[in-house]
Amino acid sequence: MAENVKQFLCVWPFVLKGLVSTAATVVIFFFLVACSSLLNWVDIPIIRGTTFGQAFFTPQSSNIHRERIVYHLNCTNITQKCPDNYPTSFEPGESTTEVCPDYFRWIHQDLKQWETSGITKEMFERGIPGADNRLVIVNGSLYVEKYRPSYQTRDVFTIWGILQLLRLYPGKVPDLDLLFFTGDTTVVMKRDYEGPNATAPPPVFHYCGQKASLDIVFPDWSFWGWPEVNIKPWEQILRAIKEGRERTKWGEREPYAFWRGNPYVAADRVDLLKCDRSDENEWNVRIYKQDWFKEIGQGFRNSKLEDQCTHRYKIYIEGATWSVSEKYIFACDSMTLMIKPVYYDFFSRSMVPMQHFWPIRSENKCRHLKFAVEWGNNHTREAQDIGTAGSRYIEEMLAMRNVYDYMFHLLNEYAKLLRFKPTIPPKAQRVCAETMACSNKDLCKDFMVQSMVKSPSDKLPCRLPPPYEPEAIRASLDAKEKIAKQVETWETEYWEKKN
Ligand SMILES: *[C@@H]1O[C@H](CO)[C@@H](O)[C@H](O)[C@H]1NC(C)=O
Ligand SMILES: *[C@@H]1O[C@H](CO)[C@@H](O)[C@H](O)[C@H]1NC(C)=O
Ligand SMILES: *[C@@H]1O[C@H](CO)[C@@H](O)[C@H](O)[C@H]1NC(C)=O
Ligand SMILES: *[C@@H]1O[C@H](CO)[C@@H](O)[C@H](O)[C@H]1NC(C)=O
Ligand SMILES: *[C@@H]1O[C@H](CO)[C@@H](O)[C@H](O)[C@H]1NC(C)=O
């Protein structure tokens with residue numbers, strides 16, 4: 001790595017314990033997966049124990065109207081234990097009658113596999129070889145057994161997120177035992193659990209799923225930050241993008257489709273490169289290749305997400321699998337041109353073509369993109385409406401409160417299926433928000449502090465809506481298919497007239 005490349009070191013609090021006597025020990029992470037996202041770069045992150053400490057948080061009454069617990073982060077007393085004085089319950093001031101957003105219904109779908117059988121110890125153990133971590137919650141505390149390293153700080157920020165959920169709803173998250181995979185590709189494939197002698201599939205939590213998989217979809221780490229590529233926690237970056245998009249009104253934006261990212265992670269992205277403007281072709285597409293090494297050297301000058309709302313249309317294209325870039329692309333109220341994805345994350349299954357985005361087929365994508373842009377420039381009002389609806393979906397449905405509520409309900413429903421009592425595995429270690437934040441520094445620590453839940457919620461989670469009827473899912477898929485077909489028909493007519 002170049003001299004001027006700042007290293008972002010996020011450490012595991014419990015790793016430190018073993019490293020205390022050899023503080024200079026450098027643990028090199030294996031290069032696990034050739035990664036997904038638009039934002040991926042290629043690097044070998046180095047994790048090393050530097051400082052460690054213990055934080056305290058003191059339940060204090062604030063002088064607002066009613067007694068309220070405020071969490072404090074105090075890193076001055078350097079010990080290695082988590083504090084014992086966590087609140088174990090809370091009484092929200094408000095009861096809620098709000099029903100959760102519709103996409104929460106997919107929680108039932110993702111767990112349907114185990115609806116009648118429940119999850120036995122045996123099924124669970126079959127999932128261990130595919131998992132990076134085992135996370136156990138007992139009496140409101142989190143214990144982690146690390147099986148293998150994750151790429152960059154995916155695991156650190158995922159665990160940080162779960163710790164924040166425990167702070168938001170103390171005493172409400174039930175005891176549970178779960179397996180987590182932090183890579184890109186789906187791990188539990190349906191085809192491996194079919195046929196007369198098939199065993200029941202293991203439950204494995206992961207960031208994405210696809211039609212052929214049974215992975216249980218959970219929010220990805222980037223909601224709490226991604227220090228390696230300088231992406232702030234979701235609330236902070238969303239605020240910045242909202243300010244950024246105000247700087248150039250839709251009508252004044254470049255009337256082209258924009259994409260910035262690292263193409264060399266997926267064949268489909270490399271295919272997209274040929275749609276860029278050239279001497280021979282004008283497909284109305286503008287591509288900016290991201291060289292993360294250069295970006296890091298230049299302090300991320302050209303990769304700021306808040307400066308990328310400059311074109312009327314933005315292209316979403318998957319990386320190795322799903323891409324975390326999705327929410328940032330949608331947050332600019334440009335119209336999103338979505339190249340048909342194979343994978344889904346926890347919120348994308350309820351998004352609708354022509355309402356939230358313009359659907360693009362992967363084959364002959366240049367022609368489809370050209371048509372979509374030209375259509376948008378002829379129908380600016382409609383295109384703008386799609387852009388606005390897409391960004392509103394992202395802002396409202398993915399408000400952090402909803403992200404936490406989704407995690408809460410998913411974990412809660414999952415815990416109900418367990419047919420064994422979660423106990424702390426011998427090799428697991430307790431992690432808590434305080435030791436995790438205090439043992440880190442620089443951007444890792446900044447992002448943790450920024451995304452930290454500062455008080456228990458003053459209301460209960462939203463109410464989980466019932467499962468979709470199978471017919472409803474089919475009907476909704478059919479409806480989406482029909483809309484996409486309609487767009488194809490318009491396009492066919494357009495090209496026929498043109499030729
Ligand atoms: C730090 O914490 C330990 C254990 O809670 C306590 O015994 C010790 O007195 C504390 N040290 C300071 C300087 O407060
Ligand atoms: C933080 O903890 C230290 C050591 O226990 C204590 O001396 C100090 O007063 C605490 N600071 C705050 C702001 O609570
Ligand atoms: C959890 O709480 C129960 C009831 O208070 C207690 O019996 C049990 O020992 C606790 N378990 C752990 C691991 O703290
Ligand atoms: C299933 O198990 C039976 C009995 O062990 C065996 O005869 C049969 O070949 C197996 N079928 C498959 C598809 O593996
Ligand atoms: C856009 O408008 C121009 C001029 O009326 C027309 O020739 C072209 O076919 C239209 N394109 C689309 C995609 O609507």
Side-chain angles (χ1 to χ4, degrees), residues 13-14 17 80-91 121 134-145 159 162-163 165-167 169-178 250-251 253-258 275 277 281-286 311-315 334-339 353-354 357-361 364-387 411-412 415-416 418 420-435 483-499:
F14 64 68
K17 217 170 178 177
Q80 293 156 34
K81 281 194 319 199
C82 289
D84 292 324
N85 55 338
Y86 283 93
T88 50
S89 67
F90 80 117
E91 283 316 313
K121 193 92 192 177
R134 177 174 183 175
L135 312 180
V136 180
I137 295 174
V138 175
N139 289 353
S141 296
L142 179 63
Y143 303 82
V144 181
E145 179 173 0
I159 287 164
I162 294 173
L163 288 169
L165 175 70
L166 294 171
R167 288 156 71 96
Y169 296 126
K172 300 283 185 243
V173 182
D175 286 7
L176 57 85
D177 194 347
L178 68 81
W250 199 90
R253 292 184 194 167
E254 298 281 335
Y256 300 107
F258 169 98
C275 312
R277 180 175 48 177
N281 289 313
E282 172 59 274
W283 298 111
N284 300 336
V285 172
R286 300 291 180 267
H311 293 64
R312 292 182 185 175
Y313 313 95
K314 294 199 69 173
I315 298 169
S334 304
M335 180 167 86
T336 299
L337 309 179
M338 174 148 344
I339 299 186
M354 298 311 280
F357 61 88
W358 181 287
I360 301 280
R361 282 162 291 160
N364 295 320
K365 53 175 76 61
C366 302
R367 284 164 73 89
H368 308 322
L369 289 165
K370 183 181 172 69
F371 172 74
V373 169
E374 201 176 306
W375 185 93
N377 289 336
N378 282 358
H379 305 83
T380 51
R381 176 78 174 271
E382 287 89 337
Q384 220 173 325
D385 284 349
I386 296 173
L411 296 181
N412 200 39
K416 286 183 198 166
L418 293 178
F420 58 96
K421 189 174 156 51
T423 52
I424 304 162
K427 286 189 188 150
Q429 300 206 38
R430 174 140 179 231
V431 282
C432 55
E434 292 72 26
T435 49
I483 297 167
K485 278 274 174 310
Q486 176 62 64
V487 175
E488 282 177 32
T489 310
W490 295 344
E491 191 186 328
T492 309
E493 284 166 12
Y494 166 83
W495 287 109
E496 273 167 6
K497 236 190 278 165
K498 219 168 158 91
N499 293 336

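Atom set for the values below is all heavy atoms of this structure, side chains included, hydrogens, waters and symmetry mates excluded. Ligands are counted one by one from 1 in listed order, and the atoms in each one are counted from 1 as well. Residue numbers count from 1 along this sequence.
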Checklist entry - Is any side-chain heavy atom of Leu337 closer than 4.5 Å to a side-chain heavy atom of Val373? => result yes
Checklist entry - Can you find a protein heavy atom closer to atom 5 (O) of ligand 5 than 4.0 Å? => result no
Checklist entry - Are there more than 12 heavy atoms of other residues, nucleotides or ligands under 6.0 Å from atom NZ of Lys427? => result no
Next on the checklist: Could you tell me if the side chain of Tyr494 sits less than 4.5 Å from the side chain of Glu374, heavy atoms only?
Outcome noted: yes
Checklist entry - Can you list the atoms of ligand 5 that are under 4.0 Å from a heavy atom of Trp375? => result 13 (C)
Item to check | Heavy-atom check, side chain of Asp177 versus side chain of Phe420, under 4.5 Å | outcome: yes
Checklist outcome for this item: Nearest non-hydrogen contact to atom 3 (C) of ligand 3 from the set Asn139, Asp175, Thr423 belongs to Asn139
Checklist entry - Any non-hydrogen protein atom below 4.0 Å of atom 9 (O) of ligand 3? => result no
Checklist entry - Any side-chain heavy atom of Leu142 sitting closer than 4.5 Å to one from Leu135? => result yes
Next on the checklist: Working note: Glu254 + Arg286, criterion salt bridge (Lys or Arg N to Asp or Glu O under 4.0 Å); need CA distance, chi angles, decisive distance, verdict.
Outcome noted: CA-CA 10 Å; Glu254 298 281 335; Arg286 300 291 180 267; over 6 Å; no
Next on the checklist: Need the ligand 3 atom indices (1-based, order shown) with element for anything under 4.0 Å from a heavy-atom of Ile424.
Outcome noted: 13 (C)
Checklist entry - Relative to the heavy atoms of Phe371, which atoms of ligand 5 are at a distance of less than 4.0 Å? => result 13 (C)
Checklist entry - Which ligand 3 atoms, with their elements, are less than 4.0 angstrom from a heavy-atom of Val138? => result 13 (C)
Checklist entry - So which protein heavy atom does atom 14 (O) of ligand 5 come closest to, and at what separation? => result Asn378 ND2, 3.0 Å
Next on the checklist: Among all protein heavy atoms in this structure, tell me which lies nearest to atom 7 (O) of ligand 5, with the distance rounded to 0.1 Å.
Outcome noted: Glu374 OE2, 5.0 Å
Checklist entry - With side chains defined as the heavy atoms from C-beta onward, is the minimum distance between Arg430 and Thr435 less than 4.5 Å? => result no
